[in-house]
Amino acid sequence: MDEYEIYAIKYAGPLESSGAFVMWNREWEKTVKRNYYVWCIKGAGQTILVDAGVAPELASEKNLKGYVSPTEVLSRIHVKAEEIRHVVITHIHWDHTSGVHLFPKAAFYIQDEEYRFWLKDPVAKRAPFEHLSDETGKAYLASLEGTDRLVLLKGDQKIFPGIECLLSPGHTVALQAVAVNTAKGTAILGSDCAHLFRNYREDWPSCLIVDLVGWMKSYEKLRARASSIDLLFPGHDFLMAENFPQVAKDVTRLV
Ligand SMILES: [Zn+2]
């Protein structure tokens, strides 16, 4: 089976927020540090990106602290954004999707249910959802509908030998994690199924919940699929930038 390496590409942060943001309804008095990442999977002659990050226009609109375009950070490990052919979108929140137009040759792999919710369901236009997505990224994805650059997945699906998308709802209606075969076994990029490593260990979600029952089942599923809990990576933990070997500025090798 093909083996891959995984790199965390930090494109913004650290930001501080209330502990209760990342540990739902607990730790109101604490503050936590968060970074923003995309991930790069390399191996078997392939380069696959997980999430598109934030485009420069939106980053300045939101005044995103410590922002450097994900394409700039990727170039530090000699990955050219304009040559990337495959981008897995874990979920359609602004910090994971608004940069889709930075990858003009990529096919985007998204859960069909996630896409349909954000693009077609009137509920997604309501305030609590609308402020979590961005119009530009959604419009770009919609412009690809019906072409081979938008790949809508239904549930768990292998997209390459040794790389499988895993439906993991809870944070959004159909967030997907990415299971990757590595030299250490199966690693999972869980994106915002957990903001921090702690969420998986303490079995506790972040505050952005659409389905708490589904989320608890997703935790069980991902913990069972990863070869060890150390290979289950969260979406925003600053430790991904600190506890792993640095290969370039803002780039660490997770496995
Ligand atoms: Zn996020």
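FYI, the numbering just counts along the sequence from 1. In listed order, ligands and their atoms are each counted from 1. Quick caveat: nothing in here was measured; it's all calculated off a predicted structure.
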At a cut-off of 2.8 Å, protein N/O/S around the Zn ion (ligand 1) gives Asp95 OD2, His96 NE2, Asp192 OD2, His236 NE2
Assert yes or no for the condition that the ring centre distance of Phe129 to Phe117 is strictly below 6.0 Å. yes
Practice item. Would you please indicate yes or no on a ring centroid separation below 6.0 angstrom for His195 and Trp24? Key: no
Pairwise side-chain contact, Lys10 with Val73, heavy-atom cut-off 4.5 Å (strictly under):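 The answer is no; the side chains never approach within 4.5 Å.
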Cationic N near anionic O, under 4.0 Å, Lys62 to Asp134
no
Margin query: Quick test of your reading of the model: are Arg116 and Glu113 salt-bridged, counting only N-O distances below 4.0 Å?
Written below: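 Salt bridge between Arg116 and Glu113, a charged N being under 4.0 Å from a carboxylate O: no.
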*Taking the six-membered ring for Trp, are Phe197 and Phe233 parallel (under 30°), tilted (30 to 60°) or perpendicular (over 60°)?*
perpendicular
